[in-house]
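Reviewing the structure listed below.
So that the names make sense, note that chain A is the first sequence line, chain B the second, and so on, each numbered from 1.
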Amino acid sequence: MKSRPEALGSLEHVVLLAVIRLGSNAYGVTVRRQIENATGRDISIGAVYATLSRLESKGLIESCTGEPTAERGGRAKRYFRMNAKGEDALRQTHDIIVKLSAGLKGLEFT
Amino acid sequence: MTRQRALHMATWAFSWLAPPSQREALLGDLAEEYSHRANTGSASAAVRWYLQQVCASALPLLWVRVSQAGWLATAGVAVLAYIAVGVIEFIVDRDIVASYASDGGSFNPLSMAITFPPVVLIGYFATRFRPNAAIVLAAMMLLSVTVMTVWANEIMPLWYRVAYFLVGPSAVFLGSAFRSLRAHGS
């Protein structure tokens, strides 16, 4: 029997959406910038990595190491991408939000 | 403090906080964003941003380290080691010290001297199984010594109290240091 995917926490949700949006260019810097641009919040790189690490340990995303570059002091990037389990969790979370917000007076979602 | 020195210290703190598996990527991300900000804006604003990032990242990164360390297993090893220390102390006090000490061995340095090497060994093996188990074991020993000195029926001499606080945790840390040295040497 297929187990029901778990719902995501709010930061997990935001980080996962940023990872999808960035596609093959999702790594710490770009994920942090994407969230900062969308939310207006100056989120710390540590908080982004803590969330990415939690998502990875839950098996919702995968990571791989990129090439080192000079502007990073010769350090390699770590790229993230969502997998099928992550997609299920995202869908589940979205369903919950849609169900809970449906029919609320004064709130109109597109 | 100069700007460079502040950055150097912040980088050192950040690399200590970062989980080893993510250290390189984290430091690289921080360097990349800093370099972008320093090139497009003011250098002092970039330094401020860097220091603020390091401070704001401390708690989340510590949390990742703790959760990745497998603390349940560490606590389990520490508890087993603590029981082993208790058994050794009991045997030493009952079978060895009591037969040599004329005053019944209540506050006898012989007990500490005999117990020290086995506790070093316990610290060694605890670290071998779980790298952080020695820290937990030492904390448990300090806690139990505090409880015992507060609620002890007999009045302990000051030297005994101080020695009691120092000897056990020191032995554990010594064993842990031996293990770490050996692991790094091989």
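When the shell of 6.0 Å around CZ of B:Arg128 is examined, it contains 12 or fewer heavy atoms from other residues, nucleotides or ligands. Applying the 6.0 Å contact sphere to CZ of A:Arg81 captures no more than 12 heavy atoms from other residues, nucleotides or ligands. Remark: B:Trp49 CH2 is packed, more than 12 non-hydrogen atoms of other residues, nucleotides or ligands lying under 6.0 Å away.
Per-residue heavy-atom pair counts under 4.5 Å with chain B were compared for A:Asp42, A:Ile45, A:Thr30, A:Thr69, and the maximum is reached by A:Ile45. Chosen from A:Ser44, A:Gly66, A:Gly74, the residue pairing most often with chain B at heavy-atom distances under 4.5 Å is A:Ser44. Ranked by heavy-atom pairs under 4.5 Å with chain A, the first of B:Leu62, B:Leu26, B:Leu30 is B:Leu26.
In the hydrophobic cluster analysis, where Ile, Leu, Val, Met, Phe, Trp and Tyr join through side-chain heavy atoms closer than 4.5 angstrom, B:Phe165 is grouped together with B:Phe116. By the rule that hydrophobic residues join a cluster once side-chain heavy atoms approach within less than 4.5 Å of another member, B:Val47 and B:Met9 end up as members of separate clusters. In the hydrophobic clustering of this structure, A:Leu22 groups with A:Ile43; members are Ile, Leu, Val, Met, Phe, Trp, Tyr whose side-chain heavy atoms approach within less than 4.5 Å, directly or through other members. Hydrophobic clustering of Ile, Leu, Val, Met, Phe, Trp and Tyr side chains at less than 4.5 Å, counting indirect connections, unites B:Val119 with B:Met140. Note on B:Tyr82 and B:Ile91: same hydrophobic cluster, where clusters join Ile, Leu, Val, Met, Phe, Trp and Tyr whose side-chain heavy atoms are under 4.5 Å apart, directly or indirectly.
Distance check: B:Asp29 CG to A:Tyr27 OH gives 7.0 Å after rounding to the nearest 0.5 Å.
Across all their heavy atoms, A:Ser53 and B:Val64 have their closest contact at OG-CG1, 3.8 Å. The shortest non-hydrogen separation linking A:Arg78 to B:Ala25 is CB-CB, 3.6 Å. For the residue pair A:Gly46 and B:Ser57, the shortest heavy atom distance occurs at N-OG, 2.9 Å.
Using modelled atom types, one finds no donor on one side chain facing an acceptor on the other under 3.5 Å when comparing A:Glu71 with B:Tyr34.
With a 4.5 Å cut-off on non-hydrogen atoms, A:Leu52 does not touch chain B at all.
Salt-bridge annotation for A:Arg75 and B:Glu24: absent, with no side-chain N of the basic residue lying under 4.0 Å from a carboxylate O of the acidic one.
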Query - Working for side chain to side chain contact (heavy atoms under 4.5 Å, CB included), residues A:Arg32 and B:Gln53 - result: CA-CA 12 Å; A:Arg32 204 195 71 77; B:Gln53 280 291 315; 3.8 Å; yes

